[in-house]
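One structure below.
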Amino acid sequence: MADTVLYEERQIFPRRFALWFALAMNVVVVVVLLLPPRRPLASSWSLFLLANGTTVFTFGLVWIALRTAPIRLDERYLHPPWRPAIALDQISEARIVEGDELKQISKTLERGSRSLPAGAGLAAVPGIGLAGLDLAQASSLRRRRKDPVFRGLVATTGARWAIYLETDESAGPTRRWLFGTKHSDEFMAALDGAMAARSAHGGR
């Protein structure tokens, strides 16, 4: 028998980032059109169509992905999108964070837990320079995707509030979590209630 869903919330769509991305794409098109040989803007509508079509397509896929992968809480688990479920009896701390505290925790988790990526030292080698930095950045992205600290960030883009969690050692390598939310009080009340009920029944 499936557990009853106690709370569910879709991830926050990054509207502001999408608007800035669209603006940047159009600025790039304008700059290209102003470079010689110049062409009239009226006859270059296809470039604007391509830029805005790319934006709509890209963020359309993001919107669909976020809509179909909500944060879900049931009687035994908290289910982050695209990540393993967190057992409620493994949660050692849970609280609402906002403002400066939210920004500080988010920045800490964004830095991850890894040292300098491979290739960073090559940047100082004559003749390698930028290639070394590119290698370092690519390596850093790969590592961050696997980093247990970085993986604890969930739906935090543009969030005014978040639920901060810490789990015990039995939960696996990801011990700190930050769930962005639009409904912090409802989320926290549902989580507190589920954890209390779980504890009252001895974790069964």
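Closest non-hydrogen pair, I12 versus G180, comes out as CD1-C, 4.1 Å. Shown here for D74 and R76, the closest heavy-atom pair between the two residues is OD1-N, 2.8 Å. Nearest heavy-atom pair across R151 and W177 is O-CZ3, 3.7 Å.
Under the 4.5 Å side-chain heavy-atom criterion for ILVMFWY residues, no single connected hydrophobic cluster contains both V62 and V154. A continuous path of Ile, Leu, Val, Met, Phe, Trp and Tyr side chains, each step under 4.5 Å between heavy atoms, connects V31 with W20, placing both in one hydrophobic cluster. Put simply, L109 and L165 are part of two different groups of oily side chains (I, L, V, M, F, W, Y) that touch within less than 4.5 Å, one to the next. In the hydrophobic clustering of ILVMFWY residues, with side-chain heavy atoms under 4.5 Å counting as a link, Y7 and I91 come out together. Both I105 and F150 belong to a single network of hydrophobic side chains, linked directly or stepwise wherever heavy atoms of I, L, V, M, F, W or Y lie under 4.5 Å apart.
Annotation for E169: atom CD does not count as buried by contact number, only 12 or fewer foreign heavy atoms lying within 6.0 Å. For R95, the CZ atom counts as densely surrounded, since its 6.0 Å shell holds more than 12 non-hydrogen atoms of other residues, nucleotides or ligands.
Using a 4.5 Å heavy-atom threshold, the side chains of M25 and V29 count as separate. Counting heavy atoms from C-beta on, the side chains of P14 and L66 come closer than 4.5 Å. Side-chain contact check for L88 versus L191: some heavy-atom pair is nearer than 4.5 Å. Side-chain contact between V30 and N26 is absent, with no heavy atoms from C-beta onward closer than 4.5 Å. The closest side-chain heavy-atom distance from T108 to R176 is below 4.5 Å. Considering only heavy atoms from C-beta on, D185 comes within 4.5 Å of I96 through its side chain.
Applying side chain to side chain donor-acceptor pair (under 3.5 Å) to T181 and the options E9, R160, Q11 leaves one that passes, E9.
Relative ring orientation between F187 and F179 is described as perpendicular, the plane-to-plane angle rising above 60° on a 0-90° scale split at 30° and 60°.
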